[in-house]
Amino acid sequence: MSASAFVWLVLAGLYFLVPLVATFFFSIRSVQTNKCCSFAAYTAVVHNGDFWHTLRVSFVLALEVIVICLVLIVPTVYWVHLKVPKLRPVIGFLALIPFVVPPIVMVVGLLKVYRGAPSWFYDRPSGILAAAYVILAFPYMFFSLDAGFRAIDVHTLTEASQSLGASWPRTLVKVILPNIRAAALAGSFLALAIVMGEFTIANLAQFHTFPIFIQFVGESDPYQASAVTLVSFGITWLAMSSLLFIGRKRGGGATTQIAGAR
Amino acid sequence: MASGRRRLSLAWLPTLPFFVYAFLFLFLPAGSIIIGAFKDVDGGWTTSNVTTLFDQPYRRAYIESIEVSATTAVLGALLGLAIAYAAVREHTPRWIRSVLTTFSGVAANFGGIPLAFAFIATVGTLGVVTTFLRNQLHWDIGASWPHFSLFTKNGVEFVYLYFQIPLMILVIAPAIDGLRREWREASSNLGASSFQFWRYVGVPVLMPSILGAVILLFGNAFAAYATAYALTSGVVPLVPLLIGAYYQGNVLDNPHLAQAMAFGMFVVLAVMMLLYIPLQRRSQRWAK
C-alpha cells in the first residue's frame with residue numbers, strides 16, 4: 001500500500017470511527033460525576049416505556065410499508081418486464097422524482113391535500129405516514145427489483161408455469177417470487193432502514209415514531225440520547241449488513257444501498 | 001402482438017394500481033404545492049408568494065442552503081474520491097475495500113437526529129473529544145483556533161460530510177473500477193507520469209461520474225432537515241428548517257408562503273436533476 005493511500009485511509013477511519021467511539025464513551029458517563037463509568041443511561045432507556053412503544057410503532061410501520069411496496073411494485077415490475085417493456089423507462093423516471101421532491105416538500109403537499117381526510121387515514125401512522133414512506137422507499141425497491149427481474153428469464157419461467165396449467169397469481173407467487181426473493185429482501189431492508197430513521201415527515205405530521213423519541217430524549221438527557229443514538233446506529237447497521245449479506249449470497253452485483261434518512 | 005391497437009392499449013392495465021398510487025401520493029401532493037405556491041389566502045392567483053422568496057429572510061435561507069449543499073457536495077466528492085481511490089488501488093489489501101463499502105452503506109444511511117447527537121457527544125461543548133483536548137492538551141477548539149462550533153454553518157457542514165463522503169464512496173467506487181488497469185499500463189509504457197495519467201486519462205474519464213455524484217450529493221444535502229434541526233435550532237436558517245418552523249406553529253400566517261418555499265426547493269432540485277441526467281448518460285459510455 002502506498003503512503004498516500006495509507007494516510008487517506010487512516011484519516012477516513014478517524015473521521016468515521018471517532019464519533020461512534022466518543023458517543024459510546026459519552027453514553028457511559030455518569031450523570032452525577034460526569035466521569036466514567038455507568039450504564040445508567042442504558043438502564044434508563046430500556047426501562048422507558050416510550051422507547052419500546054415508539055420502537056414498536058416504527059417497526060410495525062416498516063413492515064406495513066414493506067408489504068405495501070412489495071404488493072404494489074412486484075406485480076407491476078413483473079408485468080412491465082413481461083408485457084410492456086416500453087413502460088420500464090417511464091417507471092424508472094418516476095423513481096427519480098422522489099429525489100427531486102424531498103421529504104420536507106412531500107410532507108407539505110401531503111398535509112395540504114389530505115387535511116380533510118377521514119381520521120383513520122389522517123391521524124394514524126398506518127395511514128398518511130405509511131403512504132408517504134411507501135413513496136420514499138419506492139425508488140430503492142424499484143431499482144432493486146428491476147435488477148432482480150433483469151437477472152431472470154421472465155418469459156420462459158412464465159410460459160413454463162402457464163403451460164403446466166398455473167394461473168397468473170399462482171405463477172407470480174410460486175414461480176416468480178422465489179426467483180426474485182433476494183432482490184425483494186434487499187429492497188425490504190432498505191425500506192426498513194428508511195422507516196426506522198425517517199424524522200422529517202413524522203415530525204411535521206406529528207406522529208410519535210422512534211426517531212421522534214430520540215429527538216425527545218435529546219431535549220432532556222444527553223447521556224440517554226447518546227445511548228439511543230447508538231441503538232439507532234445499530235439498527236441501521238443491522239439492516240445494511242443484512243442487505244449486503246443477501247447481495248453477497250446472490251453472487252455480487254451492484255446492490256443498491258443508499259437509502260437516506262436525513 | 002400484431003393484433004393491433006386494442007390489445008396494446010390494454011396491456012398496461014395491470015400496472016394501473018401502481019400509477020394510481022403514485023398519482024395519489026406523489027403527483028397530487030407535488031402538484032398541489034406548485035398550485036398552492038401561486039395562490040393567495042383568498043384563493044386567487046398571485047405571484048407574490050414566489051417573489052417574496054427573493055426578499056429576506058427567505059433569500060438568505062436559499063443562499064445558505066445552497067452554500068451548505070454546494071460546499072459539502074464538492075468537499076464530500078473530493079474526499080470521497082480520494083478515500084475510494086486509496087481503497088481500491090491494486091496494492092491495498094482487499095479486505096479494506098470490503099470494510100469501507102460496508103461501512104459506507106451504513107454511514108450514508110445514518111443521518112438525521114442520531115447523527116447530530118453523535119457529533120454533539122464528540123465535538124459539542126461537553127463532547128468527549130472537546131473535553132479531552134481541553135483537559136489533557138489545554139487546547140480549547142471553541143475559544144482558540146479553529147474557533148469550531150457545531151452549532152454554526154461550518155459545524156453543520158462538518159457533520160453533513162459524515163453522510164456525504166460515504167455516499168460519494170458508494171457512487172464512485174464502480175466508476176473507479178471502470179478505470180481499466182490496461183490504460184494505466186499503456187500510459188506508463190508510453191512514458192507518462194502518474195500526474196500525466198490523471199491529467200489526460202483518469203480525470204477526463206471519471207469526470208462525468210464525478211459531476212453526476214456532486215449533483216447527487218448536492219440534492220442529498222439540500223433536502224436534509226433532521227440533522228440541521230437537531231444541531232442549530234434555527235441559528236443557521238436553512239430552507240427546510242424555515243418550512244418546518246412554519247408547521248411547528250407560529251411563524252407565518254400565510255400557508256401559501258410555506259408552499260412557495262417548498263416549490264423553490266423543488267425548482268432548485270429539478271434544475272440539478274436536469275443537469276444530472278445527461279451526465280449520467282455520458283458516464284455510462286465508458287462502462288464496457
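Per chain, numbering begins at 1; letters A, B, ... match sequence-line order. Since we're looking at a predicted model, the values are computed, not measured.
Ring planes of A:Tyr15 and B:Phe158: perpendicular class, angle over 60° (limits at 30 and 60°). Ring geometry for A:Phe233 versus B:Phe103: interplanar angle of 30 to 60°, hence tilted.
Both the backbone and the side chain of A:Trp237 come within contact range of chain B, each with at least one heavy atom under 4.5 Å from a heavy atom of that chain. Heavy-atom distances place no part of B:Val20 under 4.5 Å from chain A, backbone and side chain included. Neither the backbone nor the side chain of A:Phe24 comes within less than 4.5 Å of any heavy atom in chain B. Contact of A:Pro222 with chain B is not made at all, since no heavy-atom distance falls under 4.5 Å. Looking at A:Tyr78, neither its backbone nor its side chain comes within 4.5 Å of chain B, counting heavy atoms on both sides. Neither the backbone nor the side chain of A:Ile212 comes within contact range of chain B; no heavy atoms are under 4.5 Å apart. Heavy atoms closer than 4.5 Å to chain A are found in both the backbone and the side chain of B:Leu24. For B:Phe19, the part lying under 4.5 angstrom from a heavy atom of chain A is the side chain only. Of the two parts of B:Ile34, neither the backbone nor the side chain holds a non-hydrogen atom closer than 4.5 Å to a non-hydrogen atom of chain A. Only the side chain of A:Ile97 has a heavy atom closer than 4.5 Å to any heavy atom of chain B. For A:Ile91, the part lying near chain B is the side chain, with the backbone staying farther off; criterion is any non-hydrogen pair under 4.5 Å.
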A:Lys112/B:Ile33 under side chain to side chain contact (heavy atoms under 4.5 Å, CB included): CA gap, chis, key distance, verdict: CA-CA 8 Å; A:Lys112 177 169 182 258; B:Ile33 286 171; 5.7 Å; no
Evaluation steps, side chain to side chain contact (heavy atoms under 4.5 Å, CB included), between B:Ile113 and A:Phe216: CA-CA 10 Å; B:Ile113 302 286; A:Phe216 185 72; over 6 Å; no
Assess whether ring-ring contact (aromatic ring centres under 6.0 Å, His included) is satisfied between B:Tyr229 and A:Phe199, documenting all intermediate values. CA-CA 10 Å; B:Tyr229 175 88; A:Phe199 176 78; 5.4 Å; yes
Step by step, work out the side chain to side chain contact (heavy atoms under 4.5 Å, CB included) result for A:Phe16 and B:Leu100. CA-CA 10 Å; A:Phe16 288 114; B:Leu100 188 73; 5.8 Å; no
Steps toward side chain to side chain contact (heavy atoms under 4.5 Å, CB included) verdict (A:Ile135, B:Tyr21): CA-CA 9 Å; A:Ile135 296 292; B:Tyr21 197 97; 4.0 Å; yes
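With chain B as the partner, the residue from A:Leu87, A:Thr23, A:Val18, A:Val77 showing the most heavy-atom pairs under 4.5 Å is A:Thr23. Among A:Ser232, A:Pro75, A:Ala239, the residue making the largest number of heavy-atom pairs under 4.5 Å with chain B is A:Ser232. Each of A:Val113, A:Asn203, A:Val231, A:Ile128 has some count of heavy-atom pairs under 4.5 Å with chain B, and the biggest count is that of A:Asn203. Taking B:Phe263, B:Phe25, B:Tyr162 one by one and counting their heavy-atom pairs under 4.5 Å with chain A, the maximum is reached by B:Tyr162. Ranked by heavy-atom pairs shorter than 4.5 Å toward chain A, the options B:Gly124, B:Ala116, B:Ala82, B:Ala87 are led by B:Ala82. Interface remark: of the candidates A:Ala205, A:Pro103, A:Pro102, A:Ser241, A:Pro102 forms the most heavy-atom pairs closer than 4.5 Å to chain B. Per-residue counts of heavy-atom pairs under 4.5 Å with chain A were compared for B:Phe117, B:Phe119, B:Phe266; the largest is that of B:Phe117.
For an aromatic pair to be called close, the ring centres must be under 6.0 Å apart, and A:Phe142 with B:Phe18 fails this.
Residue B:Leu79 holds its CG atom at 9.5 Å from CG of A:Leu11, rounded to the nearest 0.5 Å. Note that CG of B:Leu115 and OG1 of A:Thr229 are 9.0 Å apart. Values are rounded to the nearest 0.5 Å. The distance from atom CE of A:Met240 to atom OG1 of B:Thr101, rounded to the nearest 0.5 Å, is 11.0 Å. In this structure, CZ in A:Phe26 is found 6.0 Å from CG in B:Leu126, a value given to the nearest 0.5 Å. Of the inter-residue distances, the one linking A:Ile104 atom CD1 with B:Leu241 atom CG reads 8.0 Å to the nearest 0.5 angstrom.
Counting only heavy atoms from C-beta outward, the side chains of B:Tyr225 and A:Val107 never approach each other to under 4.5 Å. Residues A:Thr76 and B:Pro17 form no side-chain contact, since every pair of their non-hydrogen atoms from C-beta on lies 4.5 Å or further apart.
With B:Pro29 as the fixed residue, the side-chain contact (heavy atoms from CB on, under 4.5 Å) test singles out one of A:Leu110, A:Val101, A:Leu111: A:Leu110.
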